[in-house]
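A, B, ... follow the sequence lines: proteins, then strands. Residue 1 opens every chain.
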There are 2 protein chains.
Amino acid sequence: MQPGDDPRARRGPGGVTLRDVAERAGVSLATASRVLNGSSRVVGPDLAARVGRAAAELRYAANGPAQALARATTNVAGLVVHEVDDPYFASIAAGAMRVATEHGLLTMMASTSRDAGREVEYVHRFQAQRVRAVLLAGSGRVGDGEELGRALADFADGGGRVALVSEHDLPFDTVLPANRRGAAAVARLLRDLGHREVGVLAGPGELRTVADRLAGFLDAWEQLGGDRSEPVVVEADFSRAGGHAATLSLLARAPQVTAVFALNDLMAVGALSALQADLGRRVPDDVSVVGFDDLWFTGDLQPALTTVRLPLEEMGARAMELVLSPAPADPRRVPVPAELLVRGSTGPARRPGT
Amino acid sequence: MQPGDDPRARRGPGGVTLRDVAERAGVSLATASRVLNGSSRVVGPDLAARVGRAAAELRYAANGPAQALARATTNVAGLVVHEVDDPYFASIAAGAMRVATEHGLLTMMASTSRDAGREVEYVHRFQAQRVRAVLLAGSGRVGDGEELGRALADFADGGGRVALVSEHDLPFDTVLPANRRGAAAVARLLRDLGHREVGVLAGPGELRTVADRLAGFLDAWEQLGGDRSEPVVVEADFSRAGGHAATLSLLARAPQVTAVFALNDLMAVGALSALQADLGRRVPDDVSVVGFDDLWFTGDLQPALTTVRLPLEEMGARAMELVLSPAPADPRRVPVPAELLVRGSTGPARRPGT
DNA sequence: ATGGTGATGGTAAGCGCTTTCCAGCCGCGC
DNA sequence: GCGCGGCTGGAAAGCGCTTACCATCACCAT
């Protein structure tokens, strides 16, 4: 190949185009397109070979946006999470991306920093990018924003597919973890261990996940009867730092609690730290601690954290599968079970007066 | 607005187009384009208002691929990591995405499952998508693949920007953590604590990160002189499971070691677990453990992990900044310091015979 | 022989947007 | 009073690709 006849030499904007390949192979654009990018039409083996060779020689790389424009669809899925570096979302994202990849899709990811407004904004941007599907992995908000609903409906109207992870009050396919039942199981565990005075570390009340877990726990606690007192609920950030702070204020307000239920594992880690390092309490001898989610490292904490396991990776995968399957007439809801994992951070209630 | 004159009614392929907006506003396509999507050209205030109103009424959403085609560039950056749910990469990704967002870019993310071949594949796919920039966050491999180099060079030739995180043997802007110096600091610490027999838990030797940290440690250990014996190096997966397994085999092979240096925190977590839970050793009384990276939860382990801190979020951010700044004549290398964090998992060497 | 039937290749009309020209118009200075 | 430069708006030529639709041609049945 002479330097002169390399179309890449005149690399103006983009590089080698399909036309260059077609010319070099001595075929029409249509033929080149048919062989290089899957088509239902068959091309004769000799021409096909010529085109293939030409493409390789020129190092042709198809222009995605151009294909997207012509085909009116792309091969990318959009994923919206709260924070990429929150292990909860990281696991969900891993599952979702795995499935996307299996289907030949690329994944566009956006993190909202837990800001509802940016959720809407990203849905719009993804729509503009003409992604095939959008996955909202964050928890919904109580009475989810009009705006989010409109944005998603718009996107769906245009043929886009939508799926949600966690309850959202929105009419789209949803992967639904058993937040209430999981929390209820925690209530039963603590009751069985003889705890009477317990505290709950809650995230922002507007999050559906928080509301559901809290309600599940409180309802069960009440229905279990007996002479237990009402749980003290402290609200803070749904993070390690939030859990740390909330634990300090909980123990100040209600020093008599013998068990702390953190509504997610991140808060539980903060609680463990506050209890053991700051407050000098032994876990579980003085205070039991329970988390929720079963992030991957919870078994490595000391003591190992009793928590409610959610199959996060699988949840992400299921959601992506939903979104890649044909649109159903009515929104589907895929329940995901939660499993109580009893480990070292819980024990019998400290006997009063000891 | 009558139902009949809503162009969305004839929603064939895509929805509302710029032409619909232009018609409704009674202006030309050019004008509509100028007001809706930033242009250097000024449009009269009245027309601009008309267009804006029309766009809002029709809920116009620009077609990204079409814009990309016409402009010959996109607003997306590509990010390749080994695993999204590995906290090391999650933190880097968070930093990178933050900066991308600040610059109005969307992020496309791909995870290779530590498979070098898929790294190349993703670079190609990103190139096809005409992303503005590609960030490779995984560690390089010793004598990095020809193929990767070609793919990246191709992309860069076409005007794309490339940046790497960690050493890669490739001529592109790189954010360079002080792996060798950090590891050397660990050697000094262990020497100072009186350790003579130490083990190293290494990841796959072909990873540059592993090679650098290992060399840094070994060189320093040797140069420190004295009567210390040569470290026993065990290679395994660069993960928690790998660390666990490697620790078991290390202690079987060299029961006399009084300190274990894991080349990353994930392996250190596995080591802690193997040592304490499986082998019944006390840390740091029987064996000291050191990690590398300072993942966010290492302070919450029991004992808190002594490790080398790397500012992961910032590294991701820096890399994205590099890639969004104009291409330099020669590849830049941005050094990032590593800081030894001495915490509870290290202590004086057990006295021989006690 | 001859019209019919598939296969295969080519032609050309877009996909929705940006951007270069070009035309019209204003106000200005000489 | 008239030509000229500065502005604003529109027409139209693409950006690189897909995909009807059409033209051939070989081959078969009649």
Side-chain angles (χ1 to χ4, degrees), chain A residues 7-8 10-51 54-55 58-75 127-130 158-159, chain B residues 7-8 10-51 54-55 58-75 127-130 158-159:
Chain A
R8 302 211 302 152
R10 62 154 172 62
R11 175 175 307 120
V16 183
T17 75
L18 186 57
R19 195 225 301 275
D20 298 325
V21 175
E23 271 171 13
R24 172 170 254 264
V27 301
S28 76
L29 245 143
T31 301
S33 168
R34 294 201 261 252
V35 9
L36 292 180
N37 314 303
S39 142
S40 46
R41 287 280 307 261
V42 183
V43 172
D46 44 344
L47 284 198
R50 290 228 306 272
V51 173
L58 297 176
R59 317 210 84 217
Y60 169 70
N63 182 314
Q67 295 191 160
L69 179 56
R71 295 185 177 146
T73 178
T74 60
N75 276 312
Q127 176 178 22
Q129 294 297 322
R130 298 298 188 264
Chain B
R8 302 213 302 155
R10 62 155 170 61
R11 174 177 307 119
V16 183
T17 75
L18 188 56
R19 196 225 299 276
D20 298 325
V21 175
E23 272 170 13
R24 172 170 255 263
V27 302
S28 76
L29 236 108
T31 302
S33 169
R34 294 201 261 252
V35 9
L36 293 180
N37 316 302
S39 144
S40 46
R41 288 279 308 260
V42 183
V43 172
D46 43 344
L47 284 199
R50 289 229 305 272
V51 172
L58 298 176
R59 315 209 84 215
Y60 169 70
N63 182 314
Q67 296 192 148
L69 179 56
R71 293 184 179 148
T73 180
T74 61
N75 276 312
Q127 177 178 21
Q129 294 297 321
R130 298 296 190 266

- Rounded to whole angstroms, how far apart are CZ on B:Arg19 and P on C:dC15? 7 Å

- Item | Inter-end axis angle, the helix from C:dA1-D:dT30 to C:dC30-D:dG1, with every axis fitted to five base pairs (rounded, 10 degrees) | 60°

- Task: List for me each residue that meets side-chain hydrogen bond (donor to acceptor under 3.5 Å, both in side chains) alongside A:Thr31, sequence neighbours excluded, and say none if there are none.
- Result: A:Ser28

- Message: Between B:Arg24 and B:Ala54 (side chain of the first, backbone of the second, donor and acceptor by atom type, cut-off under 3.5 Å), is there such a pair?
- Response: no

- Under the side-chain contact (heavy atoms from CB on, under 4.5 Å) test, residues paired with B:Ala128 that sit two or more places apart: none

- Message: How many whole angstroms separate atom CD of B:Gln129 from atom C1' of D:dC17?
- Response: 14 Å

- Would you give the length of the straight line joining atom CD of A:Gln67 to atom OG of A:Ser33, rounded to the nearest 0.5 angstrom? 7.5 Å

- Query: Looking only at side-chain N and O atoms, does A:Asn37 come under 4.0 Å of OP1 or OP2 in D:dC17?
  - Reply: no

- By side-chain contact (heavy atoms from CB on, under 4.5 Å) - contacts of A:Ala70 (at least two apart): none

- Query: What integer distance in Å separates A:Leu69:CG from D:dT18:P?
  - Reply: 11 Å

- Task: Kindly say if A:Ser28 contacts the phosphate of C:dG10, meaning a side-chain N or O under 4.0 Å from OP1 or OP2.
- Result: yes

- Task: Before giving the answer on side chain to side chain contact (heavy atoms under 4.5 Å, CB included), spell out for A:Arg34 and A:Leu47 the whole-Å C-alpha distance, their side-chain angles and the decisive distance to 0.1 Å.
- Result: CA-CA 11 Å; A:Arg34 294 201 261 252; A:Leu47 284 198; over 6 Å; no

- Message: Nearest 0.5 Å, please: how far is CG in A:Leu18 from OH in A:Tyr60?
- Response: 4.5 Å

- side chain to side chain contact (heavy atoms under 4.5 Å, CB included), paired with B:Val27, selected from B:Val21, B:Val43, B:Val51, B:Val35: B:Val51

- Note on the structure: Counting primed atoms, P, OP1 and OP2 as sugar-phosphate and everything else as base, the B/S/- map of nucleotides 19-25 of chain C against protein heavy atoms under 4.0 Å is BBB----

- Task: Round to the nearest Å and state the distance from A:Arg130 atom CZ to C:dC17 atom C1'.
- Result: 11 Å

- Query: What residues form a side-chain contact (heavy atoms from CB on, under 4.5 Å) with A:Ala66, not counting sequence neighbours?
  - Reply: A:Asn63, B:Leu69

- Whole-Å distance, A:Leu36 CG to D:dT19 P, equals 14 Å

Can you tabulate the close N/O pairs, meaning under 3.5 Å, that link protein atoms to atoms of nucleotides 5-7 of chain C?
none

- Interatomic distance where CG belongs to A:Leu47 and C1' belongs to C:dG10 [whole Å]: 11 Å

- Distance-minimising heavy-atom pair for B:Gly15 and B:Asp20: O-OD2, 4.0 Å

- Side-chain N,O (B:Gln67) to OP1/OP2 (C:dT18) below 4.0 Å: yes

- Query: Which residues pass the side-chain contact (heavy atoms from CB on, under 4.5 Å) test with A:Thr74, sequence neighbours left out?
  - Reply: A:Ala68, A:Val76, A:Arg130, B:Pro65

- Which heavy atom of B:Gly26 sits nearest a heavy atom of B:Arg50, and at what distance? O-NH2, 3.6 Å

- Item | Whole angstrom value for the distance that separates C1' of D:dT18 from CG of A:Leu18 | 10 Å

- Query: Between C:dC17, D:dG16, D:dG10, which one does the side chain of A:Asn63 approach most closely?
  - Reply: D:dG16

- When all nucleic acid strands are considered with a 4.0 Å heavy-atom cut-off, which category describes B:Ala68: base, sugar-phosphate, or nothing? nothing

- Let me know, please, whether B:Gly26 or A:Ala62 comes out on the 5' side of the other along DNA chain D by nearest nucleotide. B:Gly26

